[in-house]
Amino acid sequence: MKAINKNDFSEFVDDLIENDDREVVGVQTKSNEFAFDPLKSAEDLRLDYDVTILPPKKYFMPQRETLVEYNLNEGETTPVNQVVPRIIMGIHPYDLVAIEQMDKVFEDTHEDPYYLEKRRQSVLVGVNMANVSDRSFAHTMGTATTDTGYDIMLTDIGDRYAIEVGSSKGSNLLEKAGQAVDDITTDEIRKVKQFKEELPKKFKKDTKFDPFELPSLLKNYYENDEFWEENAEDCLSCGTCNLVCPTCYCFDVQDVNDISLSEGERLRTWDGCMLEAFAEVAGDENFREEKAARYRHRYMRKGRYMYNRFGDIACVGCGRCSEQCLPDIADPVEVFNQMKEGTS
Amino acid sequence: MSDEKIDVDVEYLTRVEGHGNIKVNANDGQIEKCEWQVIETPRYFESMVVDQSWKELHHITSRICGICSIGHTLASLKATEAALGVEISEQDKLLRKLALHAENMQSHVLHVGYLALPDLMGEGSVIPLASSHPDELKTVIRLHRLSNEMSDMVCGRTTHPQRLIPGGFSKIPSEDELLQLQDKLKNSFNDLMAVADLCEEKADKFPGFSRETEFISLTNEEEYAFYEGQVRSTDTGVSPITEYEDITNEYVVEQSTAKFARNNRSSYMVGALARLNNNYDQLSPMAKGVAERFNLKPVNHNPYMNNIAQLVEVVHNVRDAINIIDTLLDNGLEPQNEYYEPQVDVQKGRGIGAVEVPRGILFHDYTYNEEGICTSGNCVIPTNQNHANIQQDMEKLAPELIENDKGEDEIELSLEMLVRAYDPCISCSTHHLDVDFVE
Amino acid sequence: MSKPKVAFFDFAGCEGDQLQVANLEEKILDLLELVEVVNFREVISQKSDDYDIAFIEGSIASDHDAERLREIRTNAGIVVALGSCAAIGGINSIRNSQNPELVEERVYGDDADKVEAWDKAKPVDAVVEVDHYIYGCPIDQDEFVHVVESLVQGKEPNIPTYPVCVECKMNENVCVFARNGGSTQISSSEREVQTPGAAQAEQGPFCLGPVTRAGCDSKCVNEGTTCWGCRGLVDSPNENAHKKVLDKYGLTVEEVLNKFNLYFGWQQEERNNE
Amino acid sequence: MNAEDSLYNPQEARIIGKRKLTDDTKLFELELENGERLNQEPGQFVELSIPGVGEAPISVTSSPTRGLPSFELCVRAVGNVTNALHEKSIGSTVGIRGPYGEGFPTEELQGQDLLFIAGGLGIAPLRSLINYVLDKRDEYNDINILYGCKRPCEQMFDDEVNHWARRQDIYHEATVDFCPDNVCWGGNIGVITELIPGVDIDLDNTYAVVCGPPVMYQFVLEELDKKELPHEHIYLSLERRMKCGLGKCGHCQINGAEEVLYACQDGPVFNYERVKGFEEAV
Ligand SMILES: Cc1cc2nc3c(=O)[nH]c(=O)nc-3n(C[C@H](O)[C@H](O)[C@H](O)COP(=O)(O)OP(=O)(O)OC[C@H]3O[C@@H](n4cnc5c(N)ncnc54)[C@H](O)[C@@H]3O)c2cc1C
Ligand code: SF4
Ligand code: SF4
Ligand code: SF4
């Protein structure tokens, strides 16, 4: 483990912004919330944030991305991958875990070069959670801290940040900080340990389940229509809970042409299984016409399907869905607690 | 003198906003009927605003007119702010002026470039210009785009702006954006002059008609007035905007559907020519230069010259927008929070807001109760104020044309061009009467 | 393939949608390559009854309007409602819920009896069949381009069926409902503390994004205001749930109805009649 | 980015044949521009791509044993992509991605009795397997083909159907739901399920292969249950809307209490025993 003075770290970040070829992005305030955005100055970097509006998945799977450009006159298609190499500053552990899960999805069966190339060309600078949002339950999901997924990981230990290096990408980046990076003291190592130990106390959500119970709980509840209908009653089918989720990746593909009908592009855009038309098929049939069916599907995916496919519980406990769902029905803690209480 | 029967009947006059008809019947050189008719279905905005909150009024009244939506929004905001006693910052005021310049420029370029130029070039519309005069058309399009870029940057949208809200702006442009805009404005002078050259070439096509009338506009000691000032009449001098009802006296006439307006005489004119006649000295030197090329000096009584006055104003808009950006940047742009919502304390009261929109002076007048709910509203729109003047111009012009042995087609064209010169925006007339014509 | 002939017609509206077409700037020239514009009263003089696609702007609010519209329907192969007034009644339908006599009196005073208009402003499909809808007040230029391009190619245009929140999320806006409290989830006791100034508390934040059809790229929220609902309701809006949300954030029942009436007036009426 | 690296960049394929099958369905013969074979297995599909319009999953209807290097798609015009394809003339090109998915288990079926049940356009994927089996006739045992359409004019591949009818080593029955008075129809009239009782089923050796519109499955499966055919002996081809065909976009998921299936990866051909617990499967 290494350490760096906070002032030196700021200088390091400013130096990267100024001199590195890659785009430097980081967590900043957006009105009264936080978001990952390109950094203009280290001053704007807020490593003490609680949670961002969108997770950093937007950098590997952008909201809208061109897959193929085509020329309609000549009938030619050209694949394009708009990769912007980036240094991403301030990713919380739960988001790092989510990125690792997402990597598996895009590596599985057919490797998706659009996602993977963007991942390869990014450096992930993690930070341990100095603040915890009211809705987060990452401690329960085991994602409040992580030993993997980052290139470097920072922990705030007062005047200095402790630095853990997770990869050669990370050590290469750190080299650019040169002399400023120092060996960590044993006292500081203790501080880091203590920081991680005390973290669970900062969470406010009262969770009653163990994450690895979820696959079987969900299986038991699958056919409990009443449960899903009651919980989904106020669902607006707005897809917010999908879009803000760090492990949701469903997408739509559309062709967009220019008005002269000579050129166009095939676009991939975010989609969500909570949206009404998501499971529509030809002939106006919709396999999940009722909001309860869509609502259930989302929970099944989070707690069971992805577990069966990849061995991961696809909820990392960030609390974004719960915080941003207007009717306040998307809180996984509430739903999982209800299940747990109903069956125990 | 013609002794045949003349029958001009233009239904749904084209290349104007909204619906208007021209009817002229003459027999043996005697005019039997000469009418400017307005047949727009009424939209009842003054009723729609009742029971709505102060937060929404500008959103609703913006929809009075798509072309002047920035002007309507600003007149509305000023009325609301006056009623609720809200002051806006100097920076916000400058940005609002920029917004009005953008809209005025957009509308005037559309009018001069897309609507009037084809007449001058002998084409039925702008579309054939795409093949017959592609370069000229592209010049016009570039200017039009620039004006819309300016609206977008300042208002967040060209039509039905979003950022303009009671007390200021929900979002403001960055210094970088303003600098870029300024660069583009500075680079537009060539295009502006090219359009001026084009108009000058065709200057002889402007009919040499003239009728003495009264011109009314805002006026302001500091500047060529668009955003604020008092009301000036070429007949009766300066009065405060609170007296707008005495100036605009709307009245109903039998031979037309629209309410007419009169002040000192039986009609008056508002719009670019009225502003120029009232505030000529405050035009930027460059704009004056253009006016001089057309021999346009105050007080000019040829309504066809309104097009040239518009051209002159566009030059002024660009010039002044450049200056405003300089001022904004010199003062240093005061940043504001994202999704900014100014603090407003609601109170009971009445407020009147007046701004100059492309077609002339516009008044909004609202009364609010203690909760900030609107209890009554009145909007006096420029085109309404011009209807009587159009009618009277036609009454003078038609006999003159007949006297000069003009054929029906030529009479029709001259009358159409006359109406178009006013750039009437009939759809934005908030209160028209839909009266059946007894033929 | 001969170019399809396209005509624009306007009824009671602000003509802002036609202006969006004019505002395509250079792209207009491309558009003219693709279609032949035969009626566009705001910009060209020629008129013709021979057209394939009719774009209708504005609401229908008088017998005279209706008659003209029926004629257009007979002439046109495809009728497209252009903008909110035509597609859903739009802002004009605010008056639909007001007392018609009062409405006329407020505007025309003693002359009210001379006015000939319906008590309600109606969307185009209340009078004739409509083949396609381009929503928005004003319309979104990209969507207009998409619809024209699709019709020319014989494609079904792809108009979103999901609400504005989707685009708003993609744009990573701070939700209107989260702007004061720092969270979308605030209890009523917290809300009072957080809302500054008693005068402001008279109305909570509102956003119609959750029930409004997307397609505008959440324009208004991006620009710092709120979704007013100009694109009309989504196909199956959960109005009850949304009203509960608005109530939770401090809007009274009347205020909620008022917001829903800004653009949804006609659609609400239709839904109630179903 | 390299064209080969992109999963989403279609290969160019030229239409070398186009034939009307019914009023709304056409058969297209295509060849990849690079001259290579498609190498499909019976039951697999391709993503048909028309730039400017979009993509749609379409089963390859030709058997890999025939017509190489070309392949055939049997397409009903129902929407944007399929309509646009119908407009294309011979000689023009379209895009192809794939083949994708799990096809029919040709090896498992070897030596078995086969019962094909096709409803309407369901014949498209089944035809690939039928012709495959016919070309390797001696590797398979009894062959029964039941083919049902709404009305006679909707029956496709008449020449091949007639050929099946003539062959002694195939049991074949055709049916229509309805036959207008003025049309001459030699087959049965009635829904396809009525033909199932007439088929000899050997519970140990018969495998049923079913494809048709969603409503058909339920009734056919009930009828097969009456025959007590083991569920492991039934194969279905299921359709879902797909955006990628690669197991990523999430649209084609088939939801169940246990797990979720991706029609594009795990299917489109599924063993009934595997999917019957899936609420959304049939
Ligand atoms: C594995 C597989 C194999 C297939 N094989 C074949 C085959 O061999 N032959 C064949 O003809 N088909 C086949 N299909 C079906 C074909 O893929 C669908 O019919 C596909 O939708 C056609 O695409 P399209 O673009 O032409 O139609 P779409 O544009 O997708 O339209 C299809 C239908 O959906 C409706 N629709 C479209 N968009 C929407 C929307 N946004 N909201 C509501 N409704 C909408 C349309 O009105 C139309 O009725 C197969 C499907 C799968 C999954
Ligand atoms: S659960 Fe909440 S966030 Fe998710 S779709 Fe429903 S209303 Fe939207
Ligand atoms: S559209 Fe409105 S309610 Fe929906 S997320 Fe955006 S601001 Fe919130
Ligand atoms: S955000 Fe709402 S009001 Fe604004 S353009 Fe979109 S739909 Fe219309």
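Within every chain, numbering begins at 1; the chains are lettered A, B, ... in the order of the sequence lines, protein sequences first and strands thereafter.
- Taking the ring axis of Phe206(C) as reference, the NZ or CZ atom of Lys259(C) stays within 45° of it and closer than 6.0 Å to the ring centre.
- Here Val166(C) is the residue among Val166(C), Asn173(C), Leu32(C), Thr161(C) with the most heavy-atom pairs under 4.5 Å with chain A.
- Listed for the Lys58(A) side chain is a donor-acceptor partner under 3.5 Å among the backbone atoms of Phe36(A).
- At a 4.5 Å heavy-atom cutoff, the contact between Asn158(C) and chain A is made by side-chain atoms alone.
- The side-chain tip of Arg213(C) does not point at the ring of Tyr263(C) from less than 6.0 angstrom away and within 45° of straight on.
- Heavy-atom contacts from other residues, nucleotides or ligands closer than 6.0 Å to CD of Glu23(A) number more than 12.
- Note on Glu149(C), Glu172(C), Lys169(C): by heavy-atom pairs under 4.5 Å with chain A, the leading option is Glu172(C).
- Interface remark: Leu243(A) contributes side-chain atoms only to the contact with chain C (heavy atom separation under 4.5 Å).
- Heavy atoms of Leu34(C) lying under 4.5 Å from chain A belong exclusively to its side chain.
- Only the backbone of Ser237(A) comes within contact range of chain C, with at least one heavy atom under 4.5 Å from a heavy atom of that chain.
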Could you please spell out the steps behind the side chain to side chain contact (heavy atoms under 4.5 Å, CB included) verdict for Lys202(A) and Asn131(A)? CA-CA 8 Å; Lys202(A) 294 190 184 167; Asn131(A) 282 298; 5.9 Å; no

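- For Lys243(C), no part sits under 4.5 Å from any heavy atom of chain A, backbone or side chain.
- Figure legend: Lys57(A) and Trp270(A) shown as a cation-pi pair, the cationic atom lying under 6.0 angstrom from the six-membered ring centre and within 45 degrees of its axis.
- The candidate with the highest count of non-hydrogen atom pairs below 4.5 Å against chain A, out of Lys244(C), Glu33(C), His242(C), is Lys244(C).
- At a 4.5 Å heavy-atom cutoff, the contact between Asn171(C) and chain A is made by backbone and side-chain atoms alike.
- Only the side chain of Val245(C) comes within contact range of chain A, with heavy atoms under 4.5 Å apart.
- Contacts of Glu239(C) with chain A are absent, with no heavy-atom separation under 4.5 Å from either backbone or side chain.
- The closest donor-acceptor contact from the side chain of Gln267(C) to the backbone of Leu233(C) lies under 3.5 Å.
- In this structure, the portions of Ser236(C) lying under 4.5 Å from any heavy atom of chain A include both its backbone and its side chain.
- Looking at Leu275(A), only its side chain comes within 4.5 Å of chain C, counting heavy atoms on both sides.
- Side-chain atoms of Ser122(A) and Phe60(A), non-hydrogen and from C-beta on, do get closer than 4.5 Å to each other.
- Under 4.0 Å is where a charged nitrogen must lie from a carboxylate oxygen, and between Asp328(A) and Arg135(A) at least one such pair does.
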